[in-house]
Structure formats: C-alpha cells, structure tokens
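Taking it in order: structure first as structure tokens, then the write-up.
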Amino acid sequence: MANPRESELLYPMGDALPAAGSVLEIAAGVRWLRMGLPFALDHINLWLLRDHVDGVDGWAIVDCGVANDATRANWEQVFANHLEGLPVLRVIVTHFHPDHIGLAAWLTERWSGRAAEPPQGEASPLGGGDAAKPVSLGANRECRLSISATDFNLARLASGSTVGMGGEAAASFFASHGLTDEDSLAKIRGRASYYPSMVPAVPSSFHRLMDGLSIKIGAHDWVCHTGYGHAPEHISLHCPDLGLLISGDMVLPRISTNVSVVDVEPEADPLTLYLASLERMLALPADTLVLPSHGKPFTGLHARIDQLREHHAERLAEVQQACAAKPCHAAELLAMMFKRKLDLHQTTFAMGESVAHLNALWLSGQLRRSLDADGIYRFSAV
Ligand SMILES: [Zn+2]
C-alpha cells in the first residue's frame, strides 16, 4: 500500500535513477543499479561495493535480480563498463526471494576462476580502452555467496522443489482461510514451479551471515542486522563509516514490506516479528541514508519506521473490530484491508498478509480462532 506520509522522507538523489546497464555513485565505492522485474513491482535496486578479498581488488555485489536473459544482459553491460576492469569478488544476498537471489548461481559461477581463460563476453586481452581491460580471475578463485543460513537452505530447497511457493499445499492453506473460488485455487495449484522458474539454481556453498557479524568490504566495515517477518532470516547491512544502510526489503520508502503467513508455517506470527525487527533498527542513527531494494535511496529511517508501525497498528485495529462484529476468515477481510481490485498474484500476497494480522491478534490472545465445520478458520472476539 502506498505511503501517505511519504513527504516526511527526503530523497537526496532527487529523481535521478540509474539507466539500464548503468550505475549511479552513492558514495565513494558504492554504486546503485536497477534491474527490471516481471511483476507489478517492476524493478529492484542492486548495489556494487568496492571490495578487496585475498589480496585482490574488485567488487562485491549486493543482490542479483531474477534469472532471465534481460537481467543477464544488463549485468554484462555493467561488467563491461562500470567495474573499472576489476572482477566481482563476492555476491551478498539479503534474503531468498527470487528477485534477490535469482542470478546468484550464475554470478558466482561467472566470476569464479576455475577456468584458465577469461570469462565469456570479456574483451580480448589485446583490445584497447578502459572497458576492454582483461580481468584475470586466477585459478581456484571462488566468488562466494554470502547469505544467512536459513535463507540459503530455504532457497536450495525451494529451487529444487515447490516448497511454500504454490502447488497443492498453498491451495489448501488458502482454502482453509476462506479462499474458496475454484478458479483461483486451480491457478495456485498450477503455480508449483513458480520459484524454480526464477531461481533455477543456488550455489552449493556459501559464507554465513549472522546478526551482529561485521564484515570488511573494501575499506569499510559493514554490520549485519537480522530482520524477521518478511523472509526467515533477512540480512540488512549497515556501514557506520559511510552512514549507509542497505535495507533490503525490511524498510522501503513507498510501499509497506510484504509480511505474510505461508503454508509451510501456518501458525507463524511474522507481523510481531517484523515489528520487533523494526524496533531494533531504531538504534541506527537517524541521519542514515537508506538504500532500499525498491524505490529510491532516502533519509528519514526513524520516521519511516514510525509510519510502518502506525500503518500496521491501524490494520490490526480494523481487523480486531471486524472480528468483534462477527467471526471472520482471512479472505473476507481482503476488501476492507486492500480497498482495490487484486489480481491472483496480489491476492495470494494479500491473503498471506491478512492471515499475518489475524495470527498476530490470535497469538497475543486478542482473538480466538476456531476451525468450523466447513473447514475454514474463523477469528472472533475473546
Ligand atoms: Zn523480499
């Protein structure tokens, strides 16, 4: 949902956006790029950080884009023109969603030095010009994936199967929360390969990121901040030196982060976890420049956190009220919560969000849950 208090945020870069295949410099050695996405949310922001690993100068990439030809072509343009002839040394991924981890396997393979020859698409060592500088990868150099262990393992699982992303389990989960329209359920059942289609592979080894871990990227230390409720173990990266927070999807300027219950963990309470994670982010300096995965870099982190808290408090109050008037299931709350026509993709997200609000109220003892004779969970006043 669009942010009604967006004017409280500042966009220091103005309306500037990096063009396809190009970058904008945010700070010395920190570059912003954008890749297209095949969803209603049509772009993702990715970041390049000047790096130094095992005695070699190069770049760290933060987040990857989905696995398709357009994104790969876009990356090749960036490699050719915006890396100053240096290699990519590691790939950091904030969480397991397809727009973030999609091309991780391709990128790490593309920049690992197992082969003696220069990587494909690279100009000949004899060619002149800046963009044509050869990049020596060196034998046995591994361009490693860094990610939380939970999201690494879930990505591995989801890429090789259909866990939590559609199929029969998702359809019966939604049905148990009142989505009974046969046509929608059939489509959800048919979406079993949704995740693997955008994440065909995940690297087989990784470097584990954990809350509080500080990693040296180039000349600066970046501290990992774990966030819950959007992904199982989302990592945001804060650089105190530069005053930057790569927030991933945990804090976005325009839209509220998706916080959903999904079929693999039907009794989860992601909303309470998400709000607690935001609370912890208030410890970061108020003047931090936030680099979000969607939208533009902004300052006003504390204001944005306050807005998100207010937004969810209002939602929770609405849901509580509706359930006090009569017992409600998640599907019948959609019209009240979203106030717009939703396509199937948006409906599944909205259902997840509706259950997240219901579960938060139920698990904190403010609503009662019952499984009725028709096989649907309804929530009512205690
Ligand atoms: Zn995400």
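The figures here come from the full heavy-atom set of this structure, side chains too, leaving out hydrogens, waters and symmetry mates. When a ligand or atom number is given, it counts from 1 through the structure's own listing order. As the structure is a computational prediction, the values presented were derived from the model and not from experiment. Quick note: residue numbers are just sequence positions, from 1.
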- Can you sort out the partners of His234 under ring pair (Phe, Tyr, Trp, His ring centres under 6.0 Å), two or more places apart, ordered by chain and number? His95
- Minimum side-chain heavy-atom gap Thr226-Leu209 below 4.5 Å: no
- Message: Please determine whether His100 has a backbone or side-chain N, O or S atom lying under 2.8 Å from the Zn ion (ligand 1).
- Response: no
- Query: Should the ring pair Trp75 and Phe79 be called parallel, tilted or perpendicular, given that the plane angle runs from 0 to 90° and is split at 30 and 60?
  - Reply: parallel
- Item | Distance (rounded to the nearest 0.5 Å) between Leu371 CG and His329 NE2 | 12.5 Å
- Give the name of the N/O/S atom in His230 that lies closest to the Zn ion (ligand 1). NE2
- Query: So, His97 and the Zn ion (ligand 1): N/O/S under 2.8 Å, yes or no?
  - Reply: yes
- Message: Which atom name does Asp249 have for its N/O/S atom nearest to the Zn ion (ligand 1)?
- Response: OD2
